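What follows is a single structure, written as structure tokens, with notes after it.
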Amino acid sequence: MSFTHLLEPLDLGFTTIRNRIMMGSMHSRMELLDRPFERLAAFYGERAKGGAGLIVTGGYSPNATGVIETGAPIFNDEADIPEHRKVTSRVHAEGGKILLQVLHTGRNAKIDQPVGASDIPSRINPCKPHILSGQEIEQYIEDYAHCAVLAQQAGYDGVEIMGSEGYLINQMLVTRTNNRSDEWGGSYENRMRFPVEIIKRIKARVGKNFIIMYRISAIDLVENGATGSEIVLLAQALENAGTTLFNTGIGWHEARIPTIAYMVPRAAWRFAIRNITENVGIPVIASNRINTPEVAEDIIASGDAQMVSMARPMLADPHFALKVTEGRANEINTCIGCNQACLDFIFTDRVTSCLVNPKAARELEFESAPSVTDTPKKVAVVGAGPAGLSAACTAAERGHDVTLYEASNEIGGQLNLAKIIPDKTEFYEMIRYFDSQLDKFGIDTRLNTKVEPDSLADHYDAIIIATGIVPRVPDIPGIDHASVITYLDLLTGKAQAGKKVAILGAGGIGFDVAVLLAHGKGDCAPNTEEFLRKWGVDTTMTEHGSLAKSGPVFPAPAHEITMLQRKPKALGRSLGLTSGWVLRSELDAAGMTAIPGATYLKIDDAGLHYSIDGEEKLLAVDTIVLCTGQEPNSELAATMQAAQINCQVIGGAAEAKELDALAAISQGMEAALSI
Ligand code: FAD
Ligand code: NAP
Ligand code: SF4
């Protein structure tokens with residue numbers, strides 16, 4: 001496929017962006033570490049080196065009340081200009097352009113006293129906001145303009161004014177959060193004045209040759225949010241006020257509709273973006289769940305937008321744009337939308353990174369990591385799951401001579417199971433990426449080859465064992481009953497489930513199996529129309545917030561599902577913060593019964609016998625699926641270690657508890673770097 005539209009420069013009159021690929025803004029929390037600006041310079045510099053046309057920084061508040069959390073970055077002091085210059089000069093040296101995002105979080109700020117248009121607290125921050133006075137609003141407009149001027153002095157090519165995701169500007173715009181009766185409230189024209197005045201004031205201060213990008217909420221997805229025609233009215237007013245470019249945002253953070261996680265079909269929101277593109281005369285940038293060059297090219301070629309924003313895909317692969325330019329699109333390490341190491345880290349107070357690229361946001365650390373080796377070694381890697389694949393590819397990239405052994409007839413290990421869960425087809429991309437790397441580095445890959453303990457020792461200088469896990473079979477009387485199957489049996493098609501199913505274990509795999517039982521195998525990409533109907537999105541955008549009057553409409557489940565766990569807590573606590581709620585909502589809608597605090601007594605022809613607080617109960621089911629965790633598949637490693645054969649053991653083979661693909665890939669990389 002050719003990517004002519006994606007690679008075409010974008011001429012803004014006073015400046016030209018080298019292609020249509022933008023790295024969108026992401027909070028990274030790197031600002032809270034030591035040497036933050038050096039880290040940021042290395043982070044953004046790597047993305048500029050990797051060909052991104054335009055980069056937008058994480059949010060900088062224009063004043064003290066707008067921070068995301070205490071300690072988050074503010075830019076209102078010219079003393080900080082030299083620090084910011086480290087970032088801008090690095091990006092410019094690599095041929096890129098960079099905008100500073102100006103973000104005031106309003107009532108979402110995790111500080112003692114957040115501010116807001118009105119004193120209505122947010123679903124995600126219960127603290128009652130202080131109502132901004134008219135005088136304070138005037139000062140805030142000035143603060144935005146001051147921040148833009150500082151950005152210009154620091155060498156940024158422009159600013160992005162954050163007007164989406166439910167932050168302060170959004171809060172001023174809609175009746176959900178603005179019940180004022182002064183000139184900043186009441187009519188939509190009044191509510192629009194805040195962002196329009198901000199743009200006018202910035203334009204007056206920075207002149208013609210500075211990009212003023214506005215991130216507009218293309219669809220709010222909350223009750224009493226804006227309608228499609230109100231969004232157009234705002235866009236036109238902002239264009240007239242001096243906006244150079246529109247970036248788009250999808251849904252407020254407090255929306256109860258998934259907007260970016262893996263279950264959202266790729267480019268699902270282009271209908272909302274088109275609503276803006278068709279009604280303005282300046283370029284519009286599409287965002288959310290655009291993760292491949294094919295999807296990006298299609299959006300631009302169709303005219304739905306003139307540029308695409310990819311934030312997480314640039315964590316996953318900093319050289320995304322360069323690979324497209326050089327005809328190496330198949331080598332792109334694709335963002336799978338899991339949120340596990342990016343958003344879930346941010347929301348649990350950690351610095352962002354990426355499941356498929358553990359180097360993301362750790363560029364400084366890896367600048368000193370061993371690169372191509374002077375002493376190539378013969379390396380054997382056993383097991384082609386994510387741990388083994390990551391080890392093999394990293395070792396080969398460093399110049400070692402690698403042989404990869406895999407017992408089955410395909411690479412990927414358990415990723416092959418993950419990718420058949422409905423909506424998890426993105427996991428296929430991880431396997432596709434690793435496959436491209438095996439080819440690129442000429443790794444000798446031996447499928448259908450089960451390694452035995454004595455077959456490797458004499459031939460290799462280094463051995464890495466990554467043989468993964470085996471499903472745990474708990475010790476319950478009657479566990480051999482014909483109704484009991486493991487998740488492996490179910491996912492590989494070795495066994496089928498009857499109508500009434502009990503799932504034992506409520507971890508990630510238990511929930512995935514429940515979704516599979518409710519909705520069937522995910523052997524094709526999620527369908528956009530079905531997704532939007534299921535979650536109750538009004539695609540005509542005539543309703544406020546674009547929430548359909550009918551509400552969500554989930555399909556009837558294929559099985560009656562009961563999920564149990566021994567812990568006396570709500571089920572699903574271990575799921576990712578930003579995706580777990582989606583699974584819980586889907587399974588609630590599928591009528592799944594959740595039973596915490598269960599003691600499993602026995603299994604027989606009548607079903608599963610269990611007790612809660614000593615009271616015995618019977619669950620009459622046709623099938624019991626064991627999702628009760630995993631044990632290391634450590635036999636090979638144990639035998640080799642007993643024979644004093646030197647080897648590194650990684651992934652599930654070393655420790656199955658809490659092992660996921662994130663840990664597996666990271667351990668694989670570290671093991672290979674240590675050779
Ligand atoms: P494995 O993936 O188990 O790979 C081990 C490989 O070694 C296998 O291919 C096996 O055939 C091979 N092997 C074993 N013995 C030998 C031998 N003697 N010789 C040669 N080859 C051998 N994780 C996440 O982070 N996010 C998710 O959303 C997620 N979803 C999941 C959904 C499902 C349904 C499942 C089952 C797992 C999911 N996981 C998820 C977990 C993730 O897939 C595992 O943590 C990860 O695959 C473990 O990696 P590994 O390389 O250690 O082992
Ligand atoms: P898990 O998350 O550790 O869950 C195991 C479940 O089994 C728990 O609910 C546990 O609950 C139960 N259990 C453990 N020992 C048991 C025993 N002896 N008898 C009965 N029940 C027992 O593991 P998993 O679901 O197998 O997932 C494996 C890995 O893949 C995890 O790291 C997980 O994070 C990852 N994964 C992630 C996702 C994702 O979406 N992020 C999806 C799938 C998998 P009780 O002890 O309370 O009974
Ligand atoms: Fe994408 Fe997952 Fe990486 Fe986040 S952690 S950038 S969602 S692959």
Side-chain angles (χ1 to χ4, degrees), residues 417 420-422 469-521 552 554-577 579-631 656-660:
L417 302 176
I420 58 176
I421 301 298
I469 53 84
V470 285
R472 177 182 291 126
V473 177
D475 187 14
I476 304 170
I479 196 78
D480 293 334
H481 192 271
S483 62
V484 181
I485 63 176
T486 67
Y487 70 81
L488 208 57
D489 299 330
L490 183 75
L491 296 177
T492 54
K494 209 170 131 195
Q496 311 291 322
K499 182 76 184 158
K500 293 185 178 177
V501 186
I503 298 173
L504 303 198
I509 291 179
F511 268 84
D512 276 356
V513 162
V515 173
L516 175 95
L517 288 171
H519 301 310
K521 271 196 179 182
F554 288 91
H559 296 266
E560 279 174 40
I561 308 165
T562 305
M563 190 188 277
L564 303 96
Q565 71 176 19
R566 297 172 305 171
K567 284 186 283 293
K569 295 178 183 167
L571 273 66
R573 287 265 180 95
S574 67
L575 300 176
L577 211 61
S579 56
W581 67 269
V582 183
L583 302 184
R584 287 192 295 270
S585 307
E586 288 218 36
L587 292 170
D588 278 353
M592 186 185 87
T593 307
I595 302 182
T599 302
Y600 309 127
L601 302 174
K602 65 173 179 185
I603 296 162
D604 60 19
D605 289 347
L608 172 71
H609 300 259
Y610 68 100
S611 68
I612 302 279
D613 295 332
E615 188 188 336
E616 292 194 16
K617 295 169 184 274
L618 169 68
L619 194 62
V621 287
D622 307 310
T623 308
I624 296 168
V625 189
L626 301 179
C627 300
T628 43
Q630 317 186 319
E631 304 283 358
K657 196 168 183 289
E658 291 177 10
L659 190 269
D660 57 8

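The model shown is predicted, which means the values in this text are computed figures rather than measured ones. Side chains included, hydrogens not; waters and symmetry mates left out as well; all remaining heavy atoms used.
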Report yes if some heavy atom in the side chain of [X] is under 4.5 Å from a heavy atom in the side chain of [Y]; otherwise report no.
| X | Y | value |
| --- | --- | --- |
| Ile595 | Tyr610 | yes |
| Val621 | Ser483 | no |
| Ile485 | Leu626 | no |
| Leu516 | Leu490 | yes |
| Leu504 | Val484 | no |
| Ile509 | Leu417 | no |

*Who are the ring-ring contact (aromatic ring centres under 6.0 Å, His included) partners of Tyr487, not counting sequence neighbours?*
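ring-ring contact (aromatic ring centres under 6.0 Å, His included) check on Tyr487 returns nothing, list empty.
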*Excluding sequence neighbours, so at least two apart, what forms side-chain hydrogen bond (donor to acceptor under 3.5 Å, both in side chains) with Glu586?*
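Listed in chain order: His519, Lys534.
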Please tabulate, for the side chains in residues 557-568, all donor-acceptor contacts under 3.5 angstrom to protein atoms that are two or more places apart in sequence or on a different chain.
unit_1	atom_1	unit_2	atom_2	d
His559	ND1	Gly498	O	2.7
Gln565	NE2	Lys567	O	3.3
Gln565	NE2	Lys569	O	3.0

*asked:* Does anything in residues 481-500 form a salt bridge (Lys or Arg N to Asp or Glu O under 4.0 Å)? List the pairs, not counting sequence neighbours.
replied: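 Every pair satisfying salt bridge (Lys or Arg N to Asp or Glu O under 4.0 Å) with a residue in residues 481-500: Asp489-Lys494.
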*Applying salt bridge (Lys or Arg N to Asp or Glu O under 4.0 Å), which residue pairs with at least one partner in residues 606-618 are found, sequence neighbours left out?*
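Applying salt bridge (Lys or Arg N to Asp or Glu O under 4.0 Å) to every pair that reaches into residues 606-618, excluding sequence neighbours, yields Glu615-Lys617.
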*Results of salt bridge (charged side-chain N to carboxylate O under 4.0 Å, His left out) for Asp604 - residues two or more places apart only*: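 Checked Asp604 against salt bridge (charged side-chain N to carboxylate O under 4.0 Å, His left out); matches are Lys602.
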*Contact summary for Gly493 and Gln496, nearest pair of heavy atoms*: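 Smallest interatomic distance, heavy atoms only, reads O-NE2, 3.8 Å.
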